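Structure first, commentary second.
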Amino acid sequence: QAPVAPREPLSGKSYTSDIYGKGALVLHTLRYLMGDEAFLSSVRRMAYPMPESETWSDGRALRLVTTEDYVTIASRAAGQDLRWFFEVYVRRAELPVLRTSAADGVLRLEWETGGLPFPMPIDVVVNGRTVRVPMTGGLGTVRYSDDVPTVDPNGWVLREDAEQL
């Protein structure tokens, strides 16, 4: 219903419980993208700016961070620029839409994000095994020979599914 962290300030009335659930699902998706080790490291660095501050128990480790601070921390932990991820998931209300089509042994996947870059990979079960499909430019394809592949079988990626392409 609303962006989790909009660029324009909103009045308190604009916030609903929707942003908390969405925020949790965004973090779940970020964990999938980054992997457990990098994700947990980014959360630690957000709370504790230096490794030694993790041991402080006298209150001096208190730290307030902005969305941009966390984007920087997460990008550093992931070893890649993640601004695209936060622009789509946190700065906007709309979820990315995943369109799929399957024909002639090829599954085609396409992200729709209103023109914003979104190279979010996605897991697909192909011929009995799970592969992570890169979505360079928001597009990806997978060849298959058995049943039509299953997209995101474990529900890691927050999205809206659209009718087939």
Side-chain angles (χ1 to χ4, degrees), residues 1-7 10 15-56 61-100 107-142 149-162:
Q1 296 174 354
V4 173
R7 292 205 175 277
L10 296 175
Y15 288 103
T16 65
S17 60
D18 173 67
I19 66 166
Y20 300 103
K22 182 179 179 185
L25 293 170
V26 167
L27 289 174
H28 180 73
T29 302
L30 183 62
R31 179 180 168 202
Y32 162 81
L33 176 64
M34 295 175 69
D36 285 348
E37 186 176 331
F39 174 74
L40 294 173
S41 173
S42 75
V43 172
R44 262 192 314 281
R45 285 294 80 61
M46 181 182 69
Y48 303 104
M50 304 165 292
E52 60 270 14
S53 63
E54 293 180 41
T55 63
W56 299 340
L62 173 66
R63 180 168 189 216
L64 302 175
V65 297
T66 65
T67 300
E68 289 307 313
D69 292 335
Y70 186 64
V71 171
T72 300
I73 291 165
S75 294
R76 188 172 298 132
Q80 63 174 302
D81 185 349
L82 296 177
R83 284 179 292 191
W84 59 269
F85 179 92
F86 290 92
E87 281 302 316
V88 169
Y89 279 122
V90 177
R91 299 295 190 184
R92 300 173 31 158
E94 305 81 21
L95 294 178
V97 175
L98 183 63
R99 294 198 178 277
T100 62
L107 174 69
R108 290 176 178 73
L109 305 114
E110 179 180 352
W111 285 116
E112 288 185 7
T113 58
L116 294 175
F118 196 68
M120 183 70 188
I122 194 154
D123 285 351
V124 177
V125 177
V126 182
N127 301 330
R129 73 176 233 278
T130 302
V131 297
R132 185 171 284 198
V133 178
M135 297 288 287
T136 306
L139 302 169
T141 59
V142 177
T150 303
V151 177
D152 195 17
N154 296 312
W156 276 105
V157 180
L158 179 60
R159 68 185 186 280
E160 282 190 35
D161 288 319

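One is the number of the first residue; the rest follow in order along the sequence. All values reported here derive from a predicted model rather than from experimental measurement. What's counted below: heavy atoms across the whole structure, side chains too, no hydrogens, waters or symmetry copies.
Expressed to the nearest 0.5 Å, how far CD of Glu110 lies from OG1 of Thr141 amounts to 12.0 Å. Rounded to the nearest 0.5 Å, atoms CH2 (Trp56) and CE (Met50) are 3.5 Å apart. Atom CE of Met135 is separated from atom CD1 of Ile122 by 7.0 Å, given to the nearest 0.5 angstrom.
Counting only distance, with no hydrogens or angles, the side chain of Lys22 and the backbone of Leu95 share no donor-acceptor pair below 3.5 Å. Looking at Thr29, its side chain does come within 3.5 Å of a backbone N or O of Leu158 through a donor-acceptor pair. Checked by atom type and distance alone, the side chain of Ser41 never pairs as donor or acceptor with a backbone atom of Glu37 at under 3.5 Å. For Asn154 (side chain) and Trp156 (main-chain N/O), no donor-acceptor pair under 3.5 Å exists by modelled atom type.
Within 6.0 Å of CD in Glu52 there are more than 12 heavy atoms belonging to other residues, nucleotides or ligands.
In this structure, Trp111 and Leu98 have side chains that are in contact, with non-hydrogen atoms separated by less than 4.5 Å. Leu107 has its side chain within reach of Val151: a pair of non-hydrogen atoms, C-beta onward, lies under 4.5 Å apart. Side-chain contact between Pro96 and Met120 is absent, with no heavy-atom pair separated by less than 4.5 Å. Counting heavy atoms from C-beta on, the side chains of Arg44 and Leu40 come closer than 4.5 Å. Within the 4.5 Å cutoff, no side-chain heavy atoms of Thr136 are placed close to those of Pro119. By the 4.5 Å heavy-atom criterion applied to side chains, Val26 and Phe86 are not counted as neighbours. Side-chain contact between Tyr89 and Val4 is absent, with no heavy atoms from C-beta onward closer than 4.5 Å. Looking at Leu82 and Leu33, their side chains come closer than 4.5 Å, going by heavy atoms from C-beta outward.
Looking at residues two or more places apart in sequence or on another chain, you find a salt bridge (Lys or Arg N to Asp or Glu O under 4.0 Å) between Arg92 and Glu94. Under the side-chain hydrogen bond (donor to acceptor under 3.5 Å, both in side chains) criterion, Glu54 pairs with Arg45, sequence neighbours left out. Remark: Arg76 pairs with no residue by the side-chain hydrogen bond (donor to acceptor under 3.5 Å, both in side chains) rule, at least two apart or across chains.
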side-chain contact (heavy atoms from CB on, under 4.5 Å) between Leu27 and Phe39: does it pass, once the steps are laid out? CA-CA 9 Å; Leu27 289 174; Phe39 174 74; 4.1 Å; yes
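When all heavy atoms of Pro153 and Val125 are compared, the closest pair comes out as CG-CG2, 3.5 Å. Across all non-hydrogen atoms, the minimal contact from Ser42 to Ala74 is CB-CA, 3.9 Å. The shortest non-hydrogen separation linking Ala77 to Met34 is CB-CE, 3.9 Å. Between Val124 and Pro149, the shortest heavy-atom contact is CG1-CB, 3.3 Å. In plain terms, the two heavy atoms of Pro121 and Arg132 that are nearest each other are CB-CG, 3.7 Å.
Between the side chains of Asp123 and Tyr32, at least one donor N or O sits under 3.5 Å from an acceptor N or O. Residues Thr66 and Asp69 bring a donor and an acceptor atom of their side chains to less than 3.5 Å of each other.
Under 4.0 Å is where a charged nitrogen must lie from a carboxylate oxygen, and between Glu68 and Arg91 at least one such pair does.
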